[in-house]
Amino acid sequence: MRNQQTPLEPTEKDALERLREEYKPVVESFSREVAVDTLGEIDLDAPVAHGVLDRLLSKGYLYAVDDDLHITD
């Protein structure tokens, strides 16, 4: 479960908002590759997008099951 005290950096916040807009209302999970492509729409290149996804995972805003990512409620 996410720690409510874990703050997000501005880039992480923008990325999470974009992922929520794109996937939360439509699908339950998405691949990391699809997430990286989506984050490219907010001008994050692939290495930066992977880093942001790793931080969102470590902070509990995303979680992984097998090879799929899920947004924590």
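- More than 12 heavy atoms of other residues, nucleotides or ligands shown are found within 6.0 angstrom of NZ on Lys24.
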List the steps and the verdict of salt bridge (charged side-chain N to carboxylate O under 4.0 Å, His left out) for Glu21 and Arg18. CA-CA 5 Å; Glu21 289 171 3; Arg18 180 66 186 109; 3.8 Å; yes
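- Here the closest heavy-atom approach between residue His70 and residue Ser29 is recorded as CE1-CB, 3.2 Å.
- Take Val27 and apply the side-chain contact (heavy atoms from CB on, under 4.5 Å) test, not counting sequence neighbours, and it matches Tyr23.
- One finds the CG atom of Asp68 at 10.5 Å from the OH atom of Tyr63 (value rounded to the nearest 0.5 Å).
- The minimum heavy-atom distance between Ala15 and Leu56, with the atom names listed, is CB-CD1, 4.4 Å.
- The minimum heavy-atom distance linking Leu57 with Arg32 is given by the pair CD1-NH1, 3.8 Å.
- Clustering ILVMFWY residues whenever any of their side-chain heavy atoms sit less than 4.5 angstrom apart, transitively, puts Leu62 in the very cluster that holds Val26.
- Nearest heavy-atom pair across Tyr61 and Leu16 is CD2-CD2, 3.5 Å.
- The environment of Asp45 atom CG is dense: over 12 non-hydrogen atoms of other residues, nucleotides or ligands sit within 6.0 angstrom.
- Atom CD of Glu28 has 12 or fewer heavy atoms from other residues, nucleotides or ligands within 6.0 Å.
- Considering only heavy atoms from C-beta on, Leu19 comes within 4.5 Å of Leu53 through its side chain.
- Contact record, Lys59 with Glu9: NZ-N, 4.3 Å, taken as the closest heavy-atom pair.
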